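First up is the structure itself, then whatever we jot down about it.
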Amino acid sequence: MFEARLTQSAIFKKVLDAIKDLLNEASFDCSESGIQLQAMDNSHVSLVSLTLKSDGFDKYRCDRNLTMGMNLASMSKIFKCSSNDDTVTIKAQDDADTVTFMFEAKKQDKISDYEMKLMNLDQEHLGIPETEFSCVIKMPSGEFARIVKDLSQFGESIVISCTKEGVKFSTSGDIGSANVKIAQTSNFDKEEECVSIDMQEPVTLTFACQYLNSFTKATPLTPVVQLSMSDNVPLVVEYQIPDLGHLRYYLAPKIEEDEN
Amino acid sequence: MFEARLTQSAIFKKVLDAIKDLLNEASFDCSESGIQLQAMDNSHVSLVSLTLKSDGFDKYRCDRNLTMGMNLASMSKIFKCSSNDDTVTIKAQDDADTVTFMFEAKKQDKISDYEMKLMNLDQEHLGIPETEFSCVIKMPSGEFARIVKDLSQFGESIVISCTKEGVKFSTSGDIGSANVKIAQTSNFDKEEECVSIDMQEPVTLTFACQYLNSFTKATPLTPVVQLSMSDNVPLVVEYQIPDLGHLRYYLAPKIEEDEN
Amino acid sequence: MFEARLTQSAIFKKVLDAIKDLLNEASFDCSESGIQLQAMDNSHVSLVSLTLKSDGFDKYRCDRNLTMGMNLASMSKIFKCSSNDDTVTIKAQDDADTVTFMFEAKKQDKISDYEMKLMNLDQEHLGIPETEFSCVIKMPSGEFARIVKDLSQFGESIVISCTKEGVKFSTSGDIGSANVKIAQTSNFDKEEECVSIDMQEPVTLTFACQYLNSFTKATPLTPVVQLSMSDNVPLVVEYQIPDLGHLRYYLAPKIEEDEN
């Protein structure tokens, strides 16, 4: 039997909003240590990796390892029926072909349960090697989302250049060219508003706007995003899910002649 | 001559929003006792019944009984031109083929009048028998709207089951099945947030989501909705219009083999 | 070299929103005295005239007169990338075929620059004679926008009648007819909420709703609009841009047999 209980169904809503543009369906691997999801996006370009640790749940029980294939649009529809501060309990029998989501309202005597059919999905587990990165940038997640959205209007890809001084995001297209420079913060009063750069050597890489924009759907999860970059290695865009785990996106750089 | 004056044109806006999805046009029957509207919806499935009592108006004069056929989309357009706290006066001559809506702004020296052409509409007055119902449920109108909207995503009809303990709303469809249970409230501090059930015998009936959803367009009128149910009798969904009257919707239950 | 700096990029956003419906592209004439734009709308019916005085800018330098043809949709896209309280600097070399918009964030160490290609536009400078008007109306810009929007739902043109007592806006169409009367304000406590009329002789003129509606896109610029009318002369709708200049729209009255 599998049962996982979380007092804020809003967190699941945000996770689903962050991945349902990239993935139509996905396998949730449940074990004693928690819930894992790893999948290539629908066009097989970027990789999504979600980790929710069992001890971040208010109650967690997983008698046997379980893989549940779910349609994310359906799952998102179900979570949209819950209020943000509803308690959610996810339940499944060991050999079940359905999963149940139960929502309990905080104030009111209202209990909703939704039983959803599970899917059999092909699964390919990709080993993601732990890498030392040339540059690791932490910045406000809202600022990153804003820059990617703004520059996407002018070109199809964004060049990210990181030096000790700061990060430059650039693009160009029919209208003209655009550059946004943010400097490393000197004053670290509010950590969430800081830009910090941990650099071994400068990096300049080019990425497709479309995927960066999809990644920023995770912005509501947390105020800080971390970008890790090295030459010839996929960019890692990481959002922490407070007390529960993290959501990571991987995207290979574009190889362009004029990129240098 | 007919003249009716109300200091809050917002009430009329809300009434129009509550019926204009179901009715393209309707006859307003004006008499000394007030304004009555009764009509089958466009697809002739549900019935709308509106009563506005003359003594709920700030001024009311009706020399002769008058039936005014109005296009509700046009009428709604006109009311949308008023501010919520404008005073509205509805005026018509006895044998008029037009009606005039006059709006007066509270603060400013602004007077707007809109003259609208009346329509000749066929009218069938349906006698609605007063019935004793097996179950009468009072619940927050917003909660009812939310449940109907949520469940409509999963199926085409909703089963409403009422017992002494509470009410269960259920549906099922391609994605799976959904149940929402609300219990009768024990603590009656805030009447508007209570769920109360007056039950002679338990009832389980099935209704089309589409119509229930249209009825909930009346939610802004009042915080409480009343659902009255008996076997083989139309459901009555009633919204009180404070100090002025009420809006009732009637909908026959679906007869389904698997319902019981 | 040309350089103009303004601490509130929001003003430029509002100006662009106010003209980009009427004009696809426009020439900005820059001189020592400031920036001028004058152009017929895309359908060559109304005239837009914008004046931004050099001394309203926080920094202004124009070595040589310069005419910059810009695509307003592109320019608007660029300004939408700025935050409202960003400082904007507009820069161009004397013989440049590009213009640069640089935005500096107030709080954060973020600098964005957008380089946009300039266009060669045909220009026709129209002499606009200074006229004495029969009626000059000042009224809340939001109220004017509301009236024009409301009446546009009922007819294609609006009759504006001005007398000493007040202003009447009228229209009629398939649904019926509409009149909105606003009276001259007697109590001048809040200037921005006043209606004031400076009248030599009464005027009644008819204008196309479509253009009046486009003009009201300037409403966010300032709380007061000024309407100047005389028989057989274009209406002038003027919005002051505080400390910086003004935006004027000119529209010839419709000649209708039933107008009088």
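Just so it is clear, the model here is predicted, and its values are computed rather than measured. Residue numbering restarts at 1 for every chain, and letters A, B, ... go by the order of the sequence lines.
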Task: Portion of A:F154 that has a non-hydrogen atom of chain C nearer than 4.5 angstrom - done: side chain
Open item on the list: Would you compute the distance between atom CD1 of A:I182 and atom CG of C:D109 and round it to the nearest 0.5 angstrom?
Closed with: 9.0 Å
Task: Any residue of residues 72-92 of chain C which, by heavy atoms, sits under 4.5 Å from chain A - done: C:S74, C:K77, C:I78, C:K80, C:C81, C:S82, C:S83
Task: Neighbours of chain A found in residues 26-63 of chain C - heavy atoms under 4.5 Å - done: none
TODO: Taking atom NZ of C:K138 as the centre, report whether more than 12 heavy atoms of other residues, nucleotides or ligands fall under 6.0 Å from it.
DONE: no
TODO: Flag yes if more than 12 heavy atoms outside C:R146 fall under 6.0 Å of its CZ atom; otherwise flag no.
DONE: yes
TODO: State, with a plain yes or no, whether a side-chain heavy atom of C:K110 is found less than 4.5 Å away from one of A:V195.
DONE: no
Open item on the list: Could you work out, with side-chain contact (heavy atoms from CB on, under 4.5 Å) as the rule, every residue matching A:S228, not counting sequence neighbours?
Closed with: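 A:S228 satisfies side-chain contact (heavy atoms from CB on, under 4.5 Å) with A:F133, A:V136, A:Q226, A:V236 once adjacent residues are dropped.
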Task: A:K181 and C:D113: CA distance, side-chain angles, deciding distance, side chain to side chain contact (heavy atoms under 4.5 Å, CB included) verdict - done: CA-CA 9 Å; A:K181 280 171 272 186; C:D113 53 88; 4.1 Å; yes
Task: Contacts of residues 170-180 of chain A with chain C (heavy atom under 4.5 Å) - done: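 So far as heavy atoms go, A:G173, A:D174, A:I175, A:G176, A:S177, A:A178, A:N179, A:V180 are the residues that approach chain C to under 4.5 Å.
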